[in-house]
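Only heavy atoms go into these numbers, but all of them, side chains included; no hydrogens, no water, no symmetry mates.
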Amino acid sequence: MTKEHAALVIIGGGPTGLSAAREAAKHGLEDVILLEREAEAGGAPRHCGHLGFGVRDFGRVQKGPRYAERLRNLTNGLDLRCSHAVTNVSPGGLVEVSGPRGSYRIEADRVLIATGIYEKSSAARLTPGGRPFGILTTGALQRFAYFYGSIPCRAPIVVGTEIVAYSTILTLRQFGAKPVAFIDSGPQLRTSAFVALGARFIFGVPSFTGTWIASIEGEEQVTGVTVESLQGKRTVPCDGVVFSGDWVPETTLIRASQLAIDPTTHGPVIDDYFRTQAPQIFAAGNVLRSARSAGTCALEGRAAARSIIADLKASGGKH
C-alpha cells in the first residue's frame, strides 16, 4: 500500500471542506489534500435547484448548483480528489483511502473531518408498514429531480416540518407536482409559522402536527398512508412518502477512531478551536450537530482552517 504525506487532509468536499481548503491555501498552507467520496464535490447544494445559497459567504443569493460550482471554482489548482473514500483515520493522523486506483495511506500533520449529516430513513425511524416504491428522503427526491430529471412520486406525504421539508414544494413544482400534506409527530411546527402559512395559502399544502404514520399502504407503489393522531386514524391517498429532516451527523470515521461523541449533538466533542479529543484531528460543519445552512458551514470551514494553520505554526509544523 503506497503512502504519501500532507500538511492537511480534509475529508468531505461539501461547503465546509471546500471553503476550508480554499482558506488554507489562501494563507499559504502547502500540501493540502481534499478527499470527496462522490464523483463531484459541492455537497448537497448540487441538487438543490432553488434559491437560498451564498448570502452568508458570498453576499449574493444563488441557486444550489451555481453555489456549489462557485465553491469548486475557488479550489482550482488545489489537490481535490473525488471518488476517493476514506476508510479509516487514526488518532495520529494516518488516513487510509480507497480510490479508483486502489488503496493508499496519507500521513497528515492535521486532519479536518467535514463529512456533514444525513436524514434518517424510514427504516431508521422504525416506520411501520410495507416498503413499496416511493419511500425516500428529501435529499433522494432532489437527486432524482436535478440529476436525472424525473421524480418517483407526484403527490407524496412529507414527514417532518423542519425548513428542509418545505423545499420539497420547490422541487416538485418543477414537475407540476406538489405534496399532499406535511405531518409532524411533535406538538408544534419545527419551522416558522410564516413558512407553514406560505405553504398552506400560496401552494395549498396543509401541515398537521401531533400526527404520525401508523402504516404505509401499497404493494408495489405507495397508494396511501394511514396516519394517527389524538383524533384517531385515517388513510390519506398519496403516491409517495418523503422523510425530511431528523438529521444525523455522519460520524462513522469519528466513532471508528474512538473519539468522544457529544451526547447532546451526537457529533464529535471539540474545543473552541475545532480540535477533537485527538490533537491532530479537527472537525467542522454539520458533522458537529444538526443541520445549519451551507453558508454557515462554509464560514465554519474557513474558521477551522485558520485554527489549524495557527496550530501548525505553534507546533512548528510545515507552513
Side-chain angles (χ1 to χ4, degrees), residues 38-39 43-50 64-65 116-186 189-191 195-196 198-200 202-229 231-248 250 290-291:
E38 296 200 22
R46 291 176 302 146
H47 47 81
C48 295
H50 53 77
I117 53 175
Y118 60 91
E119 294 168 293
K120 277 188 179 179
S121 66
S122 169
R125 301 181 198 220
L126 305 179
T127 305
R131 294 292 182 268
F133 183 73
I135 302 173
L136 66 169
T137 63
T138 306
L141 175 68
Q142 291 171 334
R143 283 174 174 267
F144 271 106
Y146 300 112
F147 286 172
Y148 307 113
S150 65
I151 52 176
C153 52
R154 301 185 63 81
I157 289 281
V158 179
V159 180
T161 56
E162 295 179 51
I163 189 65
V164 67
Y166 295 92
S167 70
T168 59
I169 294 178
L170 302 177
T171 301
L172 293 170
R173 277 186 73 201
Q174 301 197 23
F175 298 87
K178 72 175 184 179
V180 172
F182 297 99
I183 66 170
D184 198 302
S185 59
L189 299 173
R190 304 190 193 195
T191 189
V195 171
R200 179 69 180 92
I202 296 176
F203 302 107
V205 184
S207 300
F208 301 98
T209 57
T211 303
W212 57 94
I213 292 179
S215 181
I216 296 176
E217 313 300 337
E219 295 183 2
E220 295 184 0
Q221 172 80 39
V222 174
T223 59
V225 171
T226 299
V227 297
E228 186 173 359
S229 66
Q231 287 70 46
K233 291 184 179 181
R234 63 190 178 101
T235 299
V236 181
C238 62
D239 67 353
V241 183
V242 179
F243 289 91
S244 68
D246 205 352
W247 303 100
V248 180
E250 178 47 272
S290 185

Crowded around Y148 OH? As in, over 12 foreign heavy atoms under 6.0 Å?
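Counting other residues, nucleotides and ligands, OH of Y148 stays at 12 neighbours or fewer.
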
In terms of side-chain heavy atoms, does E217 have a donor or acceptor partner in T226 at a distance below 3.5 Å?
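Per modelled atom types, E217 and T226 side chains form a pair under 3.5 Å.
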
Do T223 and Q221 have side-chain N/O donor and acceptor atoms under 3.5 Å apart?
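Short answer, no.
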
[atom1]/[X] to [atom2]/[Y] distance, rounded to the nearest 0.5 angstrom?
X: I213; Y: S122; atom1: CD1; atom2: OG; answer: 7.0 Å
X: T161; Y: R190; atom1: OG1; atom2: CZ; answer: 6.0 Å
X: I163; Y: T191; atom1: CD1; atom2: OG1; answer: 4.0 Å
X: L170; Y: F203; atom1: CG; atom2: CZ; answer: 6.0 Å
X: D184; Y: D246; atom1: CG; atom2: CG; answer: 9.5 Å
X: F144; Y: C153; atom1: CZ; atom2: SG; answer: 9.0 Å

Closest non-hydrogen atom pair between [X] and [Y], with its separation:
X: R200; Y: P206; answer: CD-CA, 3.4 Å
X: D239; Y: A155; answer: OD1-N, 2.8 Å
X: P132; Y: E219; answer: CB-O, 3.3 Å
X: Q142; Y: H47; answer: CB-O, 3.1 Å
X: G160; Y: F182; answer: O-CD2, 4.1 Å
X: A291; Y: W247; answer: CB-NE1, 3.3 Å

Counting C-beta onward and ignoring hydrogens, is there a side-chain heavy-atom pair between S244 and T168 closer than 4.5 Å?
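SC-SC contact between S244 and T168 ruled out.
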
Do side-chain atoms of [X] reach the backbone of [Y] as a donor and acceptor pair under 3.5 angstrom?
X: E250; Y: I117; result: no
X: T137; Y: F243; result: no
X: R131; Y: G129; result: yes
X: T211; Y: T209; result: yes

Step by step, work out the side-chain contact (heavy atoms from CB on, under 4.5 Å) result for R143 and L136.
CA-CA 11 Å; R143 283 174 174 267; L136 66 169; over 6 Å; no

Set out, in order, the CA-CA distance, both residues' side-chain angles and the distance that settles side-chain contact (heavy atoms from CB on, under 4.5 Å) for L172 and R154, then state yes or no.
CA-CA 7 Å; L172 293 170; R154 301 185 63 81; over 6 Å; no

Y146 and T171: CA distance, side-chain angles, deciding distance, side-chain contact (heavy atoms from CB on, under 4.5 Å) verdict:
CA-CA 9 Å; Y146 300 112; T171 301; 3.9 Å; yes

